[in-house]
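Here is how names work: the chains are called A, B, and so on, in the same order as the sequence lines, proteins then strands, and each is numbered from 1. Nothing here was measured: the structure is a model prediction, and the numbers come from that model.
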2 protein chains.
Amino acid sequence: MLKKSQKTGFSGGHDLGCMRMTTEMTERSRKILEVIVDDYIASGEPVGSRAVTKRHNLDLSPATVRNVMSDLEELGFLASPHTSAGRIPTEKGYRYYVDCLLQLRELTPKEKRSIEASCPGINGLDKLFQEAGKALSALSSHAGIVMAPRFTTTIYKQIEFVRLSRGKLLVVFVSESGLVQNKVIDADETLTQEDLVKITNYLNEMLSGMNISEVRAKISSEMKQERHLYDKLVGKALELSGAVLKEELGGQLFIEGASSFLDQPGIVDMGQMKRLFRAFEQKNTLIDLLDKSQQAAGVQIFIGSEHELAQIDGCSLVTANYQNVHGTIGTLGVIGPSRMAYSKVIPIVDYTARLISRMLETGDDKEI
Amino acid sequence: MLKKSQKTGFSGGHDLGCMRMTTEMTERSRKILEVIVDDYIASGEPVGSRAVTKRHNLDLSPATVRNVMSDLEELGFLASPHTSAGRIPTEKGYRYYVDCLLQLRELTPKEKRSIEASCPGINGLDKLFQEAGKALSALSSHAGIVMAPRFTTTIYKQIEFVRLSRGKLLVVFVSESGLVQNKVIDADETLTQEDLVKITNYLNEMLSGMNISEVRAKISSEMKQERHLYDKLVGKALELSGAVLKEELGGQLFIEGASSFLDQPGIVDMGQMKRLFRAFEQKNTLIDLLDKSQQAAGVQIFIGSEHELAQIDGCSLVTANYQNVHGTIGTLGVIGPSRMAYSKVIPIVDYTARLISRMLETGDDKEI
DNA sequence: GTTAGCACTCCAGCAGGTTGAGTGCTAAAA
DNA sequence: TTTTAGCACTCAACCTGCTGGAGTGCTAAC
């Protein structure tokens with residue numbers, strides 16, 4: 001775990017470059033910025049010069065601190081809600097804090113155990129993701145968010161057809177990691193049970209072990225090639241599987257503990273709260289955002305308007321990817337107000353992502 | 001559709017008995033109560049005597065209306081927030097209104113089409129329920145709520161086993177209505193692929209067409225009976241299926257559009273809002289409530305504290321059941337503040353429940 | 001460069017006054 | 001007997017002016 005004065009270097013949308021600033025930022029002003037952000041995160045109240053000197057014995061007078069704060073405001077790290085309130089961090093201020101000043105907390109064994117206990121073995125991936133989201137939420141006191149693997153990144157394992165009432169066919173698709181997708185499609189009724197078995201075997205043999213992009217390509221090429229040659233059943237098989245896989249399934253998003261947003265003492269803007277909850281309901285904008293964060297490795301932090309989602313304005317997002325043996329397949333994290341305890345949230349997200357990765361890689365959750 | 005002055009007779013927790021009251025309630029006081037409730041539902045503001053006479057030409061002076069309102073308050077149908085505000089309906093007032101005064105609106109063809117359009121054929125039951133919830137929410141401007149069929153009411157159709165990594169087995173269970181449940185279980189690695197096929201065939205042959213309670217009983221009795229007699233594979237099959245079915249799965253709850261609760265102009269009590277959203281997240285208390293409402297037929301209305309859920313205090317719930325050929329299997333409805341437009345919401349819930357029933361019965365959504 | 005002092009600003013809270021909506025009561029009218 | 005008009009009363013909502021406190025910016029001294 002990172003120690004003080006090491007650079008944490010979390011990347012987000014912007015690269016503020018915490019080095020570029022050091023010409024203007026003395027060690028002292030850094031310390032003061034840190035104290036202010038810490039204080040504000042803890043209290044939610046604007047921080048005044050006197051509070052800075054009092055709570056952390058800096059051997060400086062309030063007047064001196066005021067001068068530094070004034071500089072910090074000019075640099076864009078702080079802002080005052082009004083003349084005679086204290087200062088609060090700007091987004092830029094949070095960014096600098098996270099990039100250069102943050103001292104991460106170790107997770108306590110109790111917290112680790114708490115996360116582990118929430119993921120009681122894999123019995124159904126959906127369940128696992130949901131529980132992970134709940135754990136993230138419970139420990140961070142913000143909303144936990146888990147994006148299930150996108151369909152395209154999964155590996156074909158098996159397909160099954162179940163005949164429902166008249167002309168309806170349930171197709172169950174299973175990926176290697178245990179992700180299950182199902183869909184009902186229309187199918188002509190001439191297909192017998194044996195036909196279905198043959199189709200199943202044919203598809204499973206041909207496609208097993210491919211990822212979904214490959215599967216799509218394969219089906220498409222086979223369809224062209226074999227249209228007039230082989231027997232009708234093969235054509236049917238391709239048609240059915242094509243129908244199932246043509247849609248972009250998956251990328252399912254689990255959001256847990258969204259109600260923690262209502263815990264903020266004085267809810268500032270009800271309109272924003274509405275937009276936020278609506279974004280949680282629609283999910284697709286969030287999915288896009290998480291897709292982006294899936295490009296980079298490690299813990300990523302998006303502060304305020306760094307993500308372009310106007311709907312979740314004023315919120316920050318801490319994410320990390322999880323992997324299986326084939327590489328990164330999904331993203332999880334915490335979403336909360338920009339004023340969140342990053343030092344606590346980051347290790348939680350990091351640890352949870354690693355835990356999920358291990359579980360998906362080994363299929364074993366006992367030994368971490 | 002019901003017309004004015006017919007009794008609607010929706011039942012809820014309490015039976016106020018709209019007849020017992022008529023000794024005290026004249027035609028005129030009924031009319032005034034109706035106007036007040038209508039007005040309050042429309043405006044959200046306490047209704048004064050003058051507003052009653054103005055907006056609905058009753059040929060009565062405000063003073064007369066005041067006398068009647070005073071009576072209605074004494075009877076417990078109205079309450080005043082404070083001395084010089086108008087009156088608002090009590091829960092009892094809503095109950096009387098819903099039972100005796102309500103004039104249901106017909107759905108417009110546009111609304112019907114809107115509901116139908118939201119359920120674009122069954123491609124996956126989960127998806128269907130979710131979309132139905134969204135439709136309920138969109139049309140009612142409140143939260144839509146759909147409870148998927150409980151596992152115990154479903155009919156066994158098919159079971160499939162898919163081998164995942166080391167020792168993990170994915171079990172996919174399909175019910176006759178197309179409900180899919182999957183679960184990962186541990187299984188010893190000695191089972192070959194052929195063993196699995198045999199197990200699958202054995203189970204599907206033995207259990208097909210039974211409901212889940214029967215299936216459980218059957219497995220249990222078979223296990224006792226055959227433990228020492230037949231080959232090991234049968235025992236294994238029973239063991240596996242038992243592991244899958246022993247849990248109470250299903251009863252999944254879809255809640256859509258919860259954010260509409262935030263649309264209320266002046267949010268009264270933030271604490272209540274929190275409790276509400278937390279109840280939506282936990283779901284199980286709501287599931288219990290909906291389970292209860294599944295006993296009775298037709299549209300059911302729970303107003304305010306008639307349901308015992310303190311968490312959703314001040315909210316009303318309008319529900320209806322949906323059926324397939326085997327009878328009632330699930331519940332859907334709308335949950336919103338007690339001050340909701342019942343005349344609009346009730347037909348929406350009713351129509352949606354019928355639509356879902358038809359779709360589940362015929363497997364065809366074209367012709368309604 | 002740092003600090004003390006001072007004037008200034010602004011929010012929060014409180015008291016007092018006003019307005020308007022709505023009520024309850026009473027006495028007169030129907 | 002029922003309905004209505006009139007009047008006094010109440011109370012929330014709003015505005016106002018006032019005060020205290022927290023915090024700032026500036027300047028001059030250390």
Side-chain angles (χ1 to χ4, degrees), chain A residues 23-33 35-37 39-40 42-90 93 265-268, chain B residues 24-33 35-37 39-40 42-90 93 265-269:
Chain A
T23 51
E24 319 248 5
M25 295 285 280
T26 65
E27 187 57 42
R28 189 175 69 183
S29 56
R30 295 240 289 263
K31 181 65 191 170
I32 288 176
L33 178 57
V35 167
I36 291 172
V37 177
D39 249 41
Y40 182 66
S43 71
E45 305 276 301
V47 185
S49 54
R50 208 157 143 273
V52 173
T53 58
K54 247 193 177 173
R55 289 234 256 147
H56 315 263
N57 34 354
L58 288 180
D59 284 340
L60 289 175
S61 76
T64 312
V65 172
R66 277 207 287 283
N67 288 331
V68 177
M69 282 163 86
S70 182
D71 295 344
L72 288 170
E73 181 161 9
E74 210 168 325
L75 288 170
F77 293 126
L78 296 178
S80 8
H82 58 81
T83 325
S84 76
R87 304 298 214 293
I88 60 175
T90 61
I267 291 208
V268 219
Chain B
E24 319 247 5
M25 294 285 280
T26 67
E27 188 57 44
R28 190 175 67 181
S29 56
R30 294 241 286 264
K31 180 66 190 167
I32 288 175
L33 178 57
V35 167
I36 290 172
V37 178
D39 250 40
Y40 182 67
S43 72
E45 305 278 299
V47 185
S49 55
R50 207 159 144 271
V52 174
T53 58
K54 250 194 175 173
R55 292 235 256 145
H56 315 264
N57 32 356
L58 288 180
D59 284 340
L60 288 175
S61 77
T64 313
V65 173
R66 277 207 285 282
N67 289 331
V68 177
M69 283 164 85
S70 183
D71 294 346
L72 288 171
E73 180 160 8
E74 210 167 325
L75 287 170
F77 293 125
L78 296 178
S80 6
H82 57 83
T83 323
S84 75
R87 303 297 214 292
I88 60 175
T90 61
I267 292 210
V268 217
D269 184 4

Visitor: Do B:L33 and B:L78 make a side-chain contact, defined as non-hydrogen atoms from C-beta onward lying under 4.5 Å apart?
Guide: yes

Visitor: Do you know which two heavy atoms are closest between B:P62 and B:S49, and how far apart they sit?
Guide: O-CB, 3.6 Å

Visitor: Sequence neighbours left out, what passes side chain to side chain contact (heavy atoms under 4.5 Å, CB included) with B:L60? Give chain and number order.
Guide: B:R28, B:I32, B:L58, B:T64, B:V65

Visitor: Tell me whether A:S80 contacts the main-chain N or O of A:A85 through its side chain, where contact means a donor paired with an acceptor under 3.5 Å.
Guide: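 Between the backbone of A:A85 and the side chain of A:S80 there is no qualifying donor-acceptor contact (under 3.5 Å).
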
Visitor: Atom CD1 in A:I88, atom CG in A:D39: separation rounded to 0.5 Å?
Guide: 13.5 Å

Visitor: How would you summarise protein contacts on nucleotides 8-18 of chain D per nucleotide, using B for base, S for sugar-phosphate only and - for none, with heavy-atom distances below 4.0 Å?
Guide: --BBS------

Visitor: How long is the line joining CG of A:D71 and P of C:dG1, in whole Å?
Guide: 11 Å

Visitor: Under 3.5 Å between N/O atoms: give me all the protein pairs with nucleotides 25-27 of chain C, atom names plus distance.
Guide:
none

Visitor: Please report the distance, rounded to the nearest Å, between CG in B:L60 and P in D:dT2.
Guide: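 Those two atoms, CG and P, are 14 Å apart.
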
Visitor: Does anything in residues 61-79 of chain B form a salt bridge (charged side-chain N to carboxylate O under 4.0 Å, His left out)? List the pairs, not counting sequence neighbours.
Guide: B:E73-B:R87

Visitor: Compare every heavy atom of B:L72 with every heavy atom of B:S29, then report the nearest pair and how far apart it is.
Guide: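 Between these two residues, the closest heavy atoms are O-CD1, 3.9 Å.
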
Visitor: Given C:dT2, C:dT3, D:dT3, which nucleotide is nearest the side-chain atoms of B:T64?
Guide: D:dT3

Visitor: Output the rounded distance in Å from CD (A:E73) to P (D:dT24).
Guide: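 After rounding, the reported distance stands at 10 Å.
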
Visitor: Once you round it to whole Å, what is the distance between P of C:dA21 and CG of B:D39?
Guide: 16 Å

Visitor: Among the nucleotides C:dA4, D:dT4, D:dT24, which one has an atom lying closest to any side-chain atom of A:M69?
Guide: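 So the side chain of A:M69 is nearest to D:dT24.
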
Visitor: Per the end-axis method with five pairs at each terminus, what is the bend angle of the helix from C:dG1-D:dC30 to C:dA30-D:dT1, to 10°?
Guide: 20°

Visitor: Does anything in residues 44-54 of chain A reach DNA chain D, meaning a heavy atom under 4.0 Å, and if so which residues?
Guide: A:G48, A:S49

Visitor: Taking side chain to side chain contact (heavy atoms under 4.5 Å, CB included) as the test, write out the residues that go with B:V35, two or more places apart.
Guide: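 Partners of B:V35 by the side chain to side chain contact (heavy atoms under 4.5 Å, CB included) criterion, ordered by chain and then number, come out as B:K31, B:V52, B:H56.
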
Visitor: Name all residues meeting the side chain to side chain donor-acceptor pair (under 3.5 Å) criterion together with A:T53; count only those two or more places apart in sequence or in a different chain, and write none if there are none.
Guide: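 By the side chain to side chain donor-acceptor pair (under 3.5 Å) rule, A:T53 matches no residue at all.
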
Visitor: Rounded to the nearest Å, what distance is computed from the CD atom of residue A:E74 to the C1' atom of nucleotide D:dG25?
Guide: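 Between C1' of D:dG25 and CD of A:E74: 13 Å.
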
Visitor: Would you compute the distance between atom CZ of B:R30 and atom CZ of B:F77 and round it to the nearest 0.5 angstrom?
Guide: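 Taking CZ in B:R30 and CZ in B:F77, the distance rounds to 10.0 Å.
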
Visitor: B:I32 CD1 to D:dT3 C1': how many Å, rounded?
Guide: 12 Å

Visitor: Test of understanding: with side chain to side chain donor-acceptor pair (under 3.5 Å), list the residues that count as partners of A:N67, not counting sequence neighbours.
Guide: none

Visitor: Determine the minimum heavy-atom distance between B:G86 and B:P81, stating which atoms define it.
Guide: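 Where B:G86 meets B:P81 most closely, the heavy atoms are O-CD, 3.4 Å.
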
Visitor: Where is the tightest heavy-atom contact between B:A79 and B:T90, given as atom of each residue plus distance?
Guide: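 So the minimum-distance heavy-atom pair works out to CB-CG2, 3.8 Å.
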
